[in-house]
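Just the heavy atoms: all of them, side chains too, but no hydrogens, waters or symmetry mates, feed the values below.
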Amino acid sequence: MFKWLTRTVFLLSVVSLLNDMAGELLYPVLPLYLTSIGYGVVWIGILEGVAEAVAGSTKSWFGEWSDHLGKRLPFVRFGYFLSAIAKPSLIFIASPFWALFTRASDRLGKGVRTGARDAMLAEETGQNVRGKVFGFHRAMDTAGAFIGPVIALVWIGFHRDGNYRPLFYFALLPGLFGVSVLFLLKEKAGKVKSSVHRKKLFSFSYWKRSSRAFRRLVGILTLFALFNSSDMFLLLRVKDLFPNGAIISGWNISPAMLVIACYIFSNFIYAIISFPAGSLSDRSGPKKMLIMGFVFFVMMYSGMALLVPGHSGNLRIVVLLFFIYGLYSAFTDGISRAWVSMICGQEDKGKALGLFSAFASIATLFASVTAGLLWKFAGPLPVFILPSLVAVITIFWLIFLTKEPEFKKK
(Lines give C-alpha, C1' and ligand atoms only; values in the text may rest on other atoms or scores of the structure.)
Protein backbone atom coordinates (compact mmCIF):
# COMPACT_ATOMS: atom_id res chain seq x y z
CA MET A 1 0.00 0.00 0.00
CA PHE A 2 2.83 2.38 0.84
CA LYS A 3 5.49 1.01 -1.52
CA TRP A 4 5.90 4.52 -2.94
CA LEU A 5 7.09 5.74 0.50
CA THR A 6 10.72 4.66 0.17
CA ARG A 7 13.50 5.46 2.62
CA THR A 8 14.74 8.22 0.31
CA VAL A 9 11.29 9.82 -0.06
CA PHE A 10 10.74 9.71 3.71
CA LEU A 11 14.14 11.12 4.71
CA LEU A 12 14.07 13.90 2.10
CA SER A 13 10.62 14.83 3.37
CA VAL A 14 11.85 14.91 6.99
CA VAL A 15 14.74 17.17 5.96
CA SER A 16 12.32 19.49 4.18
CA LEU A 17 10.16 19.57 7.32
CA LEU A 18 13.14 20.59 9.48
CA ASN A 19 14.41 23.13 6.95
CA ASP A 20 11.00 24.74 6.59
CA MET A 21 10.52 24.70 10.34
CA ALA A 22 13.68 26.83 10.61
CA GLY A 23 12.86 29.11 7.69
CA GLU A 24 9.16 29.59 8.32
CA LEU A 25 9.78 30.25 12.01
CA LEU A 26 11.39 33.47 10.75
CA TYR A 27 9.40 34.21 7.60
CA PRO A 28 6.22 35.71 9.15
CA VAL A 29 8.26 37.94 11.48
CA LEU A 30 10.61 38.95 8.67
CA PRO A 31 8.44 41.80 7.31
CA LEU A 32 8.02 43.06 10.88
CA TYR A 33 11.78 42.91 11.49
CA LEU A 34 12.60 44.47 8.13
CA THR A 35 10.30 47.43 8.72
CA SER A 36 11.99 47.92 12.11
CA ILE A 37 15.40 48.36 10.42
CA GLY A 38 14.16 50.75 7.76
CA TYR A 39 12.68 48.63 4.95
CA GLY A 40 9.54 49.99 3.25
CA VAL A 41 7.22 48.03 0.95
CA VAL A 42 9.30 48.86 -2.13
CA TRP A 43 12.51 47.60 -0.56
CA ILE A 44 10.79 44.51 0.79
CA GLY A 45 9.64 43.80 -2.76
CA ILE A 46 13.18 44.28 -4.09
CA LEU A 47 14.66 42.10 -1.33
CA GLU A 48 12.28 39.21 -1.98
CA GLY A 49 12.55 39.60 -5.73
CA VAL A 50 16.36 39.59 -5.78
CA ALA A 51 16.48 36.66 -3.35
CA GLU A 52 14.15 34.59 -5.55
CA ALA A 53 16.04 35.64 -8.69
CA VAL A 54 19.27 34.29 -7.19
CA ALA A 55 17.55 30.96 -6.55
CA GLY A 56 15.93 31.00 -9.97
CA SER A 57 19.04 31.79 -11.95
CA THR A 58 20.89 28.82 -10.43
CA LYS A 59 18.26 26.08 -10.12
CA SER A 60 18.43 24.94 -13.72
CA TRP A 61 22.22 25.05 -13.87
CA PHE A 62 22.75 23.03 -10.71
CA GLY A 63 19.99 20.63 -11.74
CA GLU A 64 21.71 20.14 -15.10
CA TRP A 65 25.06 19.65 -13.37
CA SER A 66 23.57 16.93 -11.15
CA ASP A 67 22.20 15.22 -14.30
CA HIS A 68 25.64 15.40 -15.91
CA LEU A 69 27.43 13.88 -12.89
CA GLY A 70 24.68 11.38 -12.18
CA LYS A 71 24.87 12.51 -8.54
CA ARG A 72 22.24 14.29 -6.45
CA LEU A 73 23.28 14.12 -2.79
CA PRO A 74 26.24 16.57 -2.86
CA PHE A 75 23.95 19.28 -4.22
CA VAL A 76 21.17 18.48 -1.77
CA ARG A 77 23.50 18.47 1.23
CA PHE A 78 25.33 21.68 0.40
CA GLY A 79 22.12 23.49 -0.56
CA TYR A 80 20.41 22.69 2.72
CA PHE A 81 23.57 23.54 4.73
CA LEU A 82 23.89 26.97 3.10
CA SER A 83 20.24 27.79 3.84
CA ALA A 84 20.53 26.51 7.42
CA ILE A 85 23.31 28.96 8.30
CA ALA A 86 22.16 31.88 6.11
CA LYS A 87 18.64 32.29 7.55
CA PRO A 88 19.62 33.04 11.17
CA SER A 89 22.60 35.20 10.09
CA LEU A 90 20.20 37.98 9.17
CA ILE A 91 20.10 39.13 12.79
CA PHE A 92 23.86 39.66 13.20
CA ILE A 93 23.94 43.04 11.44
CA ALA A 94 20.91 45.38 11.36
CA SER A 95 21.57 46.62 7.84
CA PRO A 96 19.42 46.51 4.69
CA PHE A 97 22.45 45.39 2.65
CA TRP A 98 23.23 42.55 5.07
CA ALA A 99 19.58 41.51 4.91
CA LEU A 100 19.86 41.35 1.12
CA PHE A 101 23.06 39.27 1.31
CA THR A 102 21.68 36.73 3.80
CA ARG A 103 18.37 36.32 1.97
CA ALA A 104 20.24 35.85 -1.31
CA SER A 105 22.51 33.24 0.32
CA ASP A 106 19.49 31.39 1.66
CA ARG A 107 17.91 31.34 -1.79
CA LEU A 108 21.20 30.28 -3.40
CA GLY A 109 21.03 27.22 -1.15
CA LYS A 110 17.56 26.58 -2.53
CA GLY A 111 18.92 26.94 -6.06
CA VAL A 112 21.68 24.40 -5.42
CA ARG A 113 19.40 21.72 -3.96
CA THR A 114 16.00 22.03 -5.66
CA GLY A 115 16.58 20.38 -9.03
CA ALA A 116 18.65 17.53 -7.56
CA ARG A 117 16.20 16.90 -4.72
CA ASP A 118 13.11 16.89 -6.95
CA ALA A 119 14.92 14.57 -9.37
CA MET A 120 15.69 12.18 -6.48
CA LEU A 121 12.01 12.13 -5.56
CA ALA A 122 10.95 11.55 -9.18
CA GLU A 123 13.49 8.74 -9.67
CA GLU A 124 12.19 6.81 -6.68
CA THR A 125 8.80 5.96 -8.17
CA GLY A 126 6.77 5.35 -11.30
CA GLN A 127 4.53 8.00 -12.84
CA ASN A 128 1.35 6.40 -11.51
CA VAL A 129 2.21 7.37 -7.90
CA ARG A 130 4.26 10.50 -8.47
CA GLY A 131 1.44 12.74 -7.27
CA LYS A 132 1.50 10.88 -3.94
CA VAL A 133 5.27 11.26 -3.62
CA PHE A 134 5.35 14.98 -4.33
CA GLY A 135 2.16 15.48 -2.33
CA PHE A 136 3.68 13.71 0.69
CA HIS A 137 6.89 15.71 0.36
CA ARG A 138 4.98 18.99 0.20
CA ALA A 139 2.83 17.92 3.14
CA MET A 140 5.91 17.25 5.29
CA ASP A 141 7.56 20.41 4.04
CA THR A 142 4.51 22.43 4.97
CA ALA A 143 4.17 20.69 8.33
CA GLY A 144 7.50 22.36 9.11
CA ALA A 145 6.06 25.61 7.79
CA PHE A 146 3.26 25.15 10.33
CA ILE A 147 5.41 24.20 13.33
CA GLY A 148 7.90 27.04 12.83
CA PRO A 149 5.40 29.92 12.94
CA VAL A 150 3.63 28.29 15.93
CA ILE A 151 6.91 28.59 17.84
CA ALA A 152 7.19 32.22 16.72
CA LEU A 153 3.59 32.91 17.76
CA VAL A 154 4.12 31.45 21.23
CA TRP A 155 7.32 33.47 21.65
CA ILE A 156 5.68 36.74 20.65
CA GLY A 157 2.71 35.95 22.89
CA PHE A 158 5.02 35.88 25.90
CA HIS A 159 7.44 38.59 24.70
CA ARG A 160 5.52 41.56 23.35
CA ASP A 161 8.53 43.87 23.42
CA GLY A 162 9.33 43.24 19.74
CA ASN A 163 12.54 41.29 20.48
CA TYR A 164 12.86 38.72 17.69
CA ARG A 165 16.58 37.91 18.13
CA PRO A 166 16.15 34.62 20.09
CA LEU A 167 13.98 33.26 17.27
CA PHE A 168 16.83 33.72 14.79
CA TYR A 169 19.25 31.87 17.07
CA PHE A 170 16.80 29.03 17.65
CA ALA A 171 16.29 28.61 13.88
CA LEU A 172 19.86 27.27 13.60
CA LEU A 173 18.96 24.04 15.43
CA PRO A 174 16.35 22.40 13.14
CA GLY A 175 18.21 23.60 10.04
CA LEU A 176 21.50 21.96 11.01
CA PHE A 177 19.75 18.83 12.31
CA GLY A 178 18.11 18.46 8.91
CA VAL A 179 21.52 18.57 7.22
CA SER A 180 22.76 15.78 9.51
CA VAL A 181 19.78 13.59 8.49
CA LEU A 182 20.94 13.78 4.86
CA PHE A 183 24.02 11.74 5.75
CA LEU A 184 21.73 8.76 6.32
CA LEU A 185 20.97 8.76 2.58
CA LYS A 186 22.96 7.04 -0.16
CA GLU A 187 23.09 7.70 -3.88
CA LYS A 188 20.97 5.38 -5.98
CA ALA A 189 23.23 3.25 -8.19
CA GLY A 190 22.82 2.97 -11.95
CA LYS A 191 21.42 6.44 -12.67
CA VAL A 192 21.46 7.60 -16.28
CA LYS A 193 23.98 10.40 -16.80
CA SER A 194 23.33 13.29 -19.14
CA SER A 195 26.07 14.13 -21.66
CA VAL A 196 25.00 17.78 -21.65
CA HIS A 197 26.31 20.33 -19.16
CA ARG A 198 26.73 24.00 -20.00
CA LYS A 199 29.52 26.01 -18.42
CA LYS A 200 27.40 29.15 -18.32
CA LEU A 201 25.78 29.64 -14.93
CA PHE A 202 22.70 31.32 -16.39
CA SER A 203 21.97 28.61 -18.91
CA PHE A 204 18.43 27.82 -20.03
CA SER A 205 19.51 25.53 -22.86
CA TYR A 206 17.05 22.78 -21.98
CA TRP A 207 14.15 25.03 -23.00
CA LYS A 208 15.21 24.84 -26.67
CA ARG A 209 15.18 21.05 -26.82
CA SER A 210 12.32 20.39 -24.42
CA SER A 211 8.99 18.98 -25.58
CA ARG A 212 6.10 21.16 -26.69
CA ALA A 213 4.09 19.92 -23.71
CA PHE A 214 6.84 21.12 -21.36
CA ARG A 215 7.02 24.56 -22.97
CA ARG A 216 3.23 25.01 -22.92
CA LEU A 217 2.87 24.06 -19.27
CA VAL A 218 5.94 25.86 -17.93
CA GLY A 219 5.22 28.87 -20.13
CA ILE A 220 1.76 29.55 -18.70
CA LEU A 221 2.86 28.86 -15.12
CA THR A 222 5.74 31.31 -15.58
CA LEU A 223 3.37 33.95 -16.93
CA PHE A 224 1.28 33.53 -13.81
CA ALA A 225 4.39 33.77 -11.61
CA LEU A 226 5.24 37.14 -13.21
CA PHE A 227 2.23 38.59 -11.38
CA ASN A 228 2.24 36.42 -8.25
CA SER A 229 4.33 38.37 -5.74
CA SER A 230 5.87 37.15 -2.49
CA ASP A 231 3.56 36.00 0.31
CA MET A 232 5.04 38.84 2.37
CA PHE A 233 2.54 41.16 0.70
CA LEU A 234 -0.32 39.01 1.98
CA LEU A 235 1.10 39.32 5.49
CA LEU A 236 1.53 43.07 5.07
CA ARG A 237 -2.09 43.22 3.91
CA VAL A 238 -3.24 41.55 7.14
CA LYS A 239 -1.29 44.14 9.11
CA ASP A 240 -2.86 46.85 6.93
CA LEU A 241 -6.37 45.52 7.58
CA PHE A 242 -5.82 45.26 11.35
CA PRO A 243 -3.44 48.10 12.30
CA ASN A 244 -4.46 47.81 15.96
CA GLY A 245 -4.78 44.05 16.08
CA ALA A 246 -8.05 42.34 17.00
CA ILE A 247 -9.98 41.15 20.04
CA ILE A 248 -10.83 37.43 19.89
CA SER A 249 -12.86 35.91 22.75
CA GLY A 250 -11.71 38.68 25.05
CA TRP A 251 -8.05 38.30 24.10
CA ASN A 252 -6.25 41.32 22.67
CA ILE A 253 -4.30 39.98 19.68
CA SER A 254 -1.51 42.24 18.45
CA PRO A 255 -0.98 42.86 14.69
CA ALA A 256 2.20 40.75 14.78
CA MET A 257 0.39 37.81 16.40
CA LEU A 258 -2.50 38.11 13.95
CA VAL A 259 -0.12 38.07 10.95
CA ILE A 260 1.61 34.94 12.22
CA ALA A 261 -1.67 33.23 13.13
CA CYS A 262 -3.03 33.72 9.59
CA TYR A 263 0.20 32.33 8.16
CA ILE A 264 0.07 29.32 10.49
CA PHE A 265 -3.55 28.57 9.59
CA SER A 266 -2.85 28.70 5.86
CA ASN A 267 0.17 26.39 6.20
CA PHE A 268 -1.85 23.98 8.35
CA ILE A 269 -4.47 23.64 5.61
CA TYR A 270 -1.71 23.32 3.00
CA ALA A 271 -0.02 20.55 5.01
CA ILE A 272 -3.10 18.39 5.61
CA ILE A 273 -4.49 18.75 2.07
CA SER A 274 -1.25 18.30 0.04
CA PHE A 275 -1.11 14.52 0.21
CA PRO A 276 -4.84 13.92 -0.51
CA ALA A 277 -4.58 16.38 -3.42
CA GLY A 278 -1.52 14.59 -4.79
CA SER A 279 -3.18 11.21 -4.40
CA LEU A 280 -6.28 12.51 -6.17
CA SER A 281 -4.15 13.79 -9.05
CA ASP A 282 -2.80 10.24 -9.53
CA ARG A 283 -6.37 9.05 -10.12
CA SER A 284 -7.92 11.94 -12.03
CA GLY A 285 -4.84 13.61 -13.51
CA PRO A 286 -2.95 16.78 -12.53
CA LYS A 287 -4.79 19.11 -14.92
CA LYS A 288 -8.06 19.20 -12.95
CA MET A 289 -6.18 19.73 -9.69
CA LEU A 290 -4.20 22.69 -11.07
CA ILE A 291 -7.30 24.34 -12.49
CA MET A 292 -9.07 23.96 -9.15
CA GLY A 293 -6.02 25.41 -7.41
CA PHE A 294 -6.04 28.53 -9.55
CA VAL A 295 -9.76 28.99 -8.89
CA PHE A 296 -8.89 29.07 -5.18
CA PHE A 297 -6.18 31.64 -5.91
CA VAL A 298 -8.65 33.95 -7.66
CA MET A 299 -10.99 33.73 -4.68
CA MET A 300 -8.19 34.53 -2.21
CA TYR A 301 -6.57 37.45 -4.01
CA SER A 302 -9.76 39.14 -5.17
CA GLY A 303 -11.13 38.80 -1.64
CA MET A 304 -8.03 40.40 -0.08
CA ALA A 305 -8.26 43.24 -2.61
CA LEU A 306 -11.86 44.12 -1.77
CA LEU A 307 -11.59 44.20 2.02
CA VAL A 308 -11.66 47.62 3.69
CA PRO A 309 -9.43 48.28 6.76
CA GLY A 310 -11.36 48.66 10.00
CA HIS A 311 -14.51 46.80 8.91
CA SER A 312 -15.98 44.75 11.74
CA GLY A 313 -16.54 41.63 9.63
CA ASN A 314 -13.00 41.47 8.23
CA LEU A 315 -11.66 38.87 10.64
CA ARG A 316 -14.03 36.06 9.64
CA ILE A 317 -13.45 36.80 5.95
CA VAL A 318 -9.67 36.86 6.34
CA VAL A 319 -9.74 33.49 8.14
CA LEU A 320 -11.82 32.03 5.30
CA LEU A 321 -9.49 33.50 2.67
CA PHE A 322 -6.39 32.05 4.30
CA PHE A 323 -8.16 28.68 4.42
CA ILE A 324 -8.74 29.02 0.67
CA TYR A 325 -5.11 30.05 0.15
CA GLY A 326 -3.96 26.86 1.88
CA LEU A 327 -6.11 24.89 -0.60
CA TYR A 328 -4.57 26.80 -3.52
CA SER A 329 -1.04 25.89 -2.38
CA ALA A 330 -1.96 22.23 -1.84
CA PHE A 331 -3.56 21.93 -5.28
CA THR A 332 -0.72 23.56 -7.22
CA ASP A 333 2.74 23.27 -5.66
CA GLY A 334 3.58 19.58 -5.54
CA ILE A 335 1.17 18.71 -8.36
CA SER A 336 2.81 21.11 -10.81
CA ARG A 337 6.21 19.53 -10.09
CA ALA A 338 4.78 16.04 -10.53
CA TRP A 339 3.30 17.07 -13.91
CA VAL A 340 6.61 18.56 -15.09
CA SER A 341 8.45 15.37 -14.11
CA MET A 342 6.07 13.38 -16.36
CA ILE A 343 6.84 15.35 -19.52
CA CYS A 344 10.64 15.21 -19.56
CA GLY A 345 13.18 12.46 -20.24
CA GLN A 346 14.55 10.25 -17.46
CA GLU A 347 18.03 11.74 -17.91
CA ASP A 348 16.70 15.32 -17.91
CA LYS A 349 14.69 15.45 -14.69
CA GLY A 350 17.19 17.56 -12.75
CA LYS A 351 17.47 20.25 -15.42
CA ALA A 352 13.76 20.17 -16.30
CA LEU A 353 12.56 20.53 -12.70
CA GLY A 354 15.33 23.03 -12.01
CA LEU A 355 14.38 25.11 -15.05
CA PHE A 356 10.73 25.08 -14.04
CA SER A 357 11.64 26.34 -10.57
CA ALA A 358 14.12 28.80 -12.09
CA PHE A 359 11.53 30.50 -14.29
CA ALA A 360 9.12 30.77 -11.35
CA SER A 361 11.79 32.29 -9.09
CA ILE A 362 13.05 34.80 -11.65
CA ALA A 363 9.46 35.81 -12.39
CA THR A 364 9.04 36.52 -8.68
CA LEU A 365 11.73 39.22 -8.97
CA PHE A 366 9.52 41.14 -11.39
CA ALA A 367 6.33 40.36 -9.46
CA SER A 368 7.65 41.40 -6.04
CA VAL A 369 9.36 44.60 -7.18
CA THR A 370 6.26 45.56 -9.16
CA ALA A 371 4.02 44.78 -6.18
CA GLY A 372 6.14 46.99 -3.91
CA LEU A 373 5.96 49.91 -6.34
CA LEU A 374 2.23 49.47 -6.93
CA TRP A 375 1.53 49.33 -3.20
CA LYS A 376 3.53 52.50 -2.57
CA PHE A 377 2.07 54.60 -5.38
CA ALA A 378 -1.37 53.06 -6.01
CA GLY A 379 -2.23 51.24 -2.79
CA PRO A 380 -2.78 47.49 -2.18
CA LEU A 381 -5.77 47.05 -4.53
CA PRO A 382 -3.81 46.50 -7.81
CA VAL A 383 -1.30 44.25 -5.97
CA PHE A 384 -4.09 41.69 -5.55
CA ILE A 385 -6.40 42.41 -8.52
CA LEU A 386 -3.73 41.95 -11.23
CA PRO A 387 -2.67 38.43 -10.10
CA SER A 388 -6.36 37.47 -9.93
CA LEU A 389 -6.89 38.46 -13.56
CA VAL A 390 -3.78 36.59 -14.72
CA ALA A 391 -4.92 33.52 -12.75
CA VAL A 392 -8.18 33.58 -14.74
CA ILE A 393 -6.13 33.61 -17.98
CA THR A 394 -4.10 30.68 -16.62
CA ILE A 395 -7.27 28.70 -15.95
CA PHE A 396 -8.52 29.14 -19.52
CA TRP A 397 -5.07 28.30 -20.92
CA LEU A 398 -4.96 25.06 -18.94
CA ILE A 399 -8.50 24.13 -20.01
CA PHE A 400 -8.14 24.75 -23.73
CA LEU A 401 -4.43 24.73 -24.63
CA THR A 402 -2.70 22.29 -22.27
CA LYS A 403 -2.98 18.53 -22.71
CA GLU A 404 -2.96 16.06 -19.84
CA PRO A 405 0.19 13.89 -19.71
CA GLU A 406 -0.36 10.28 -20.68
CA PHE A 407 0.24 8.02 -17.69
CA LYS A 408 -1.28 5.00 -16.04
CA LYS A 409 -4.11 6.11 -13.75
CA LYS A 410 -4.96 3.94 -10.77
Q: Backbone N or O of Pro276 within a donor-acceptor pair of the Ser279 side chain at under 3.5 Å?
A: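 Answer holds: no.
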Q: Minimum heavy-atom separation for Thr8 and Met120, please, with both atom names.
A: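 Where Thr8 meets Met120 most closely, the heavy atoms are CG2-CE, 3.8 Å.
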Q: Quick one: does Arg215's side chain have a donor or acceptor within less than 3.5 Å of a partner on Ser210's backbone?
A: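 Confirmed, Arg215 side chain pairs with Ser210 backbone.
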Q: For Phe294, which of Ile393, Leu221, Val392 qualifies under side chain to side chain contact (heavy atoms under 4.5 Å, CB included)?
A: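 Result: among Ile393, Leu221, Val392, Leu221 is the only option passing the side chain to side chain contact (heavy atoms under 4.5 Å, CB included) with Phe294.
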Q: Please round to the nearest 0.5 Å and tell me the distance separating atom CZ of Phe170 and atom CE of Met21.
A: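 Between Phe170 CZ and Met21 CE, I get 4.5 Å after rounding to 0.5 Å.
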Q: Check Arg7 against Leu185 and note the closest heavy-atom contact, atom names and distance.
A: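 Result for this residue pair: O-CD2, 4.3 Å.
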Q: State, to 0.1 Å, how close Phe331 and Gly293 come at their nearest heavy-atom pair, and which atoms those are.
A: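 In terms of heavy atoms, the two residues are closest at CB-CA, 3.7 Å.
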Q: Do Lys110 and Asn19 have side-chain atoms, one donor and one acceptor, less than 3.5 Å apart?
A: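 No - no donor-acceptor pair under 3.5 Å links their side chains.
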Q: With distance as the sole test, does Asp141 use its side chain to make a donor-acceptor pair with the main-chain N or O of Asp20 at under 3.5 Å?
A: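 No, Asp141 side chain to Asp20 backbone: no donor-acceptor pair under 3.5 Å.
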Q: Atom CG in Leu69, atom CZ in Phe75: separation rounded to 0.5 Å?
A: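 Leu69 CG to Phe75 CZ: 5.0 Å, rounded to 0.5 Å.
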Q: Treating Lys87 as the side-chain partner and Leu172 as the backbone partner, does any N or O pair qualify as donor plus acceptor under 3.5 Å?
A: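 Between the backbone of Leu172 and the side chain of Lys87 there is no qualifying donor-acceptor contact (under 3.5 Å).
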Q: Can you tell me how the ring of Tyr325 sits relative to the ring of Phe322, calling it parallel under 30°, perpendicular over 60° and tilted otherwise?
A: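 The arrangement is perpendicular - the two ring planes meet at more than 60°.
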Q: Run the ring-centre check on Trp207 versus Phe359 and record whether the distance is less than 6.0 Å.
A: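 Ring-ring flag for Trp207/Phe359: true, centres closer than 6.0 Å.
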Q: Would you indicate whether the side-chain heavy atoms of Met300 and Phe297 approach each other to under 4.5 Å?
A: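 Not touching, per the 4.5 Å side-chain cut-off.
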Q: List the atom of Phe224, the atom of Pro387, and the distance in Å for their closest heavy-atom pair.
A: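 It is CE1-O, 4.3 Å.
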Q: Out of curiosity, Leu234 CG to Cys262 SG, how far, rounded to the nearest 0.5 Å?
A: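 Nearest 0.5 Å value for the CG-SG distance: 10.0 Å.
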Q: Salt bridge check: are Arg72 and Asp67 linked by an N-O gap of less than 4.0 Å?
A: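 Judged by the 4.0 Å cut-off on N to carboxylate O distance, Arg72 and Asp67 do form a salt bridge.
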Q: Donor-acceptor pair, Ser336 side chain versus Asp333 backbone, under 3.5 Å?
A: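 Answer holds: yes.
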Q: Where the side chain of Arg130 meets the backbone of Ser341, is there a donor-acceptor pair that is under 3.5 Å apart?
A: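 At least one qualifying donor-acceptor pair exists.
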Q: Between atom CG of Leu182 and atom CG of Leu18, what is the distance when rounded to the nearest 0.5 Å?
A: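 Going from CG on Leu182 over to CG on Leu18, the span is 9.5 Å.
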Q: Identify the heavy atoms of Leu12 and Val76 that sit nearest to each other, and give their distance.
A: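 That closest heavy-atom pairing would be CD2-CG1, 4.2 Å.
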Q: Measure the CG-CZ distance between Leu374 and Phe233 for me, rounded to the nearest 0.5 Å.
A: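 Nearest 0.5 Å value for the CG-CZ distance: 9.0 Å.
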Q: Looking only at heavy atoms, what is the nearest atom pair of Phe62 and Leu108, with distance?
A: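 Heavy-atom minimum between the residues: CE1-CD1, 4.5 Å.
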